[in-house]
Chemist: 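A single structure is presented below for examination.
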Protein chains: 2
Amino acid sequence: MPTERAGKGLTERLQAALKGRGQRWTEQRQIIVDVLAASDGHATGAELIERVREQDPSATPSTVYRTLDLLEGLGLARHHHGPDGRETYHLEGTAEHGHLHCRGCGAEKELDAAAAAPILKAITSATGFGADLDHLSVHGLCAACRAAQGV
Amino acid sequence: MPTERAGKGLTERLQAALKGRGQRWTEQRQIIVDVLAASDGHATGAELIERVREQDPSATPSTVYRTLDLLEGLGLARHHHGPDGRETYHLEGTAEHGHLHCRGCGAEKELDAAAAAPILKAITSATGFGADLDHLSVHGLCAACRAAQGV
DNA sequence: CAGTCTATCGCAACATGTTGCAATAAGCAT
DNA sequence: ATGCTTATTGCAACATGTTGCGATAGACTG
Ligand SMILES: [Mn+2]
Ligand SMILES: [Mn+2]
Ligand SMILES: [Zn+2]
Ligand SMILES: [Zn+2]
């Protein structure tokens, strides 16, 4: 797990967004954004705290979670929920996608925007809702497990 | 919140299922099933613990959560996840349905089997997954909030 | 009914988040 | 550079679950 800096672009966008709102850029926030950038893909809050503490042992859970909320509020981070409901975070920048969890074999599959399009359209047609693909987690049985169970 | 007994049918089905597996029918389980039956609709683990303790102050969280897992394993209870990811339980017997959560206005809407059918079909077509409707929670913007935001 | 076996219970410790509050420090003004 | 204002931090307490373990008590046997 190499130490990795968030791209200059992201850091500067963040600083600008904060300044515009009278908010502050801190060393803690820099570290948390760096860790998120290095954790490409998915990481739970607890995992992020652990990695942040490698860089700054005095960091506390409250700061990490509040920063994650801040980043989500600014649209720079997203979360979805794993099979146990725990939040899992990633920086915006990854392509938007949903998640599928198989309760038979535990497999987790990503659902890219193209594959999701007809699903989101069906949701809107049936309910009027515009679903957040990034936040969508579907639980069920994958094709292989359905075949194995003869369903 | 009246004290209410689970229907005889359910209790007897439970006792039979347990006996067949060398498991036991206990006073605690009776109370938890009764509370679930009285909490028609949705209740979180914490809410259920509180209600169980009204009947039996010595009941502990571990017993309640383990019993909920047991009931789910037997197919007699189900859960889905609220907007915060927290598990929300109900007894089987309610018609199977999914949930929609609007992040704009906070509205929560149920998705019955008929309305869900085309959505589940789209999921299977796109991914091969058979989705669990009971466990499905879709987060996004309701029609009214989409209109308000001009999306 | 008393005795045995062991599933289940309650407890204690832990894991993961959340919140109120006083101390700190970022950003700005002088 | 120095001081001010107040957003942010770290702490402590709390909320919600989870897990290992020894004590309790269902269910069955004789
Ligand atoms: Mn779940
Ligand atoms: Mn969420
Ligand atoms: Zn599977
Ligand atoms: Zn809405």
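Side-chain atoms are counted along with the backbone in the values below, which use heavy atoms only and exclude waters and symmetry mates. Just so we're on the same page: letters track the sequence lines, and every chain starts at 1.
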Chemist: Using whole Å, what does the distance between atom P of nucleotide C:dA26 and atom CD1 of A:Ile31 come to?
Modeler: 12 Å

Chemist: Give one of base, sugar-phosphate or nothing for A:Thr60, where a contact means two heavy atoms less than 4.0 Å apart.
Modeler: base

Chemist: Just say parallel, tilted or perpendicular for the rings of A:His101 and A:His99, cut-offs at 30° and 60°.
Modeler: parallel

Chemist: Can you tell me how far C1' of C:dT8 sits from CD1 of B:Ile32, to the nearest Å?
Modeler: 11 Å

Chemist: Counting primed atoms plus P, OP1 and OP2 as sugar-phosphate and everything else as base, spell out the protein contacts along nucleotides 12-25 of chain D at 4.0 Å heavy-atom distance: B, S or - for each nucleotide, 5' to 3'.
Modeler: ----SSBBB----B

Chemist: Rounded to whole Å, how long is the line connecting atom CD of A:Gln15 with atom C1' of D:dA7?
Modeler: 16 Å

Chemist: Rounded to whole Å, how long is the line connecting atom CH2 of A:Trp25 with atom P of C:dT24?
Modeler: 24 Å

Chemist: So, are B:Glu87 and B:Arg78 salt-bridged, with charged N and O less than 4.0 Å apart?
Modeler: no

Chemist: Return all side-chain donor-acceptor pairs below 3.5 angstrom for residues 138-151 of chain B, not counting sequence neighbours, or 'none' if the list is empty.
Modeler:
| residue | atom | partner | partner atom | Å |
| --- | --- | --- | --- | --- |
| B:Arg146 | NE | A:Gly128 | O | 3.3 |
| B:Arg146 | NH2 | A:Gly128 | O | 3.1 |

Chemist: Rounded to whole Å, how long is the line connecting atom CG of B:Leu70 with atom C1' of C:dT8?
Modeler: 10 Å

Chemist: If you measure only the distance, is there a donor-acceptor pair under 3.5 Å linking the side chains of B:His42 and B:His80?
Modeler: no

Chemist: Within this structure, what is the CD-to-P distance between A:Gln23 and D:dT9, rounded to whole angstrom?
Modeler: 10 Å

Chemist: In whole Å, I'd like the distance from the CG atom of A:Leu74 to the P atom of D:dT8.
Modeler: 10 Å

Chemist: Just by distance, no angles: are the side chains of A:His79 and A:His90 close enough, under 3.5 Å, to form a donor-acceptor pair?
Modeler: no

Chemist: Are the charged groups of B:Glu47 and B:Arg86 less than 4.0 angstrom apart, N to O?
Modeler: no

Chemist: Both B:Thr26 and A:Arg29 contact DNA chain D. Which one's nearest nucleotide lies toward the 5' end?
Modeler: A:Arg29

Chemist: Check the distance between C:dA26's C1' and A:Leu18's CG and give it to me in whole angstrom.
Modeler: 11 Å

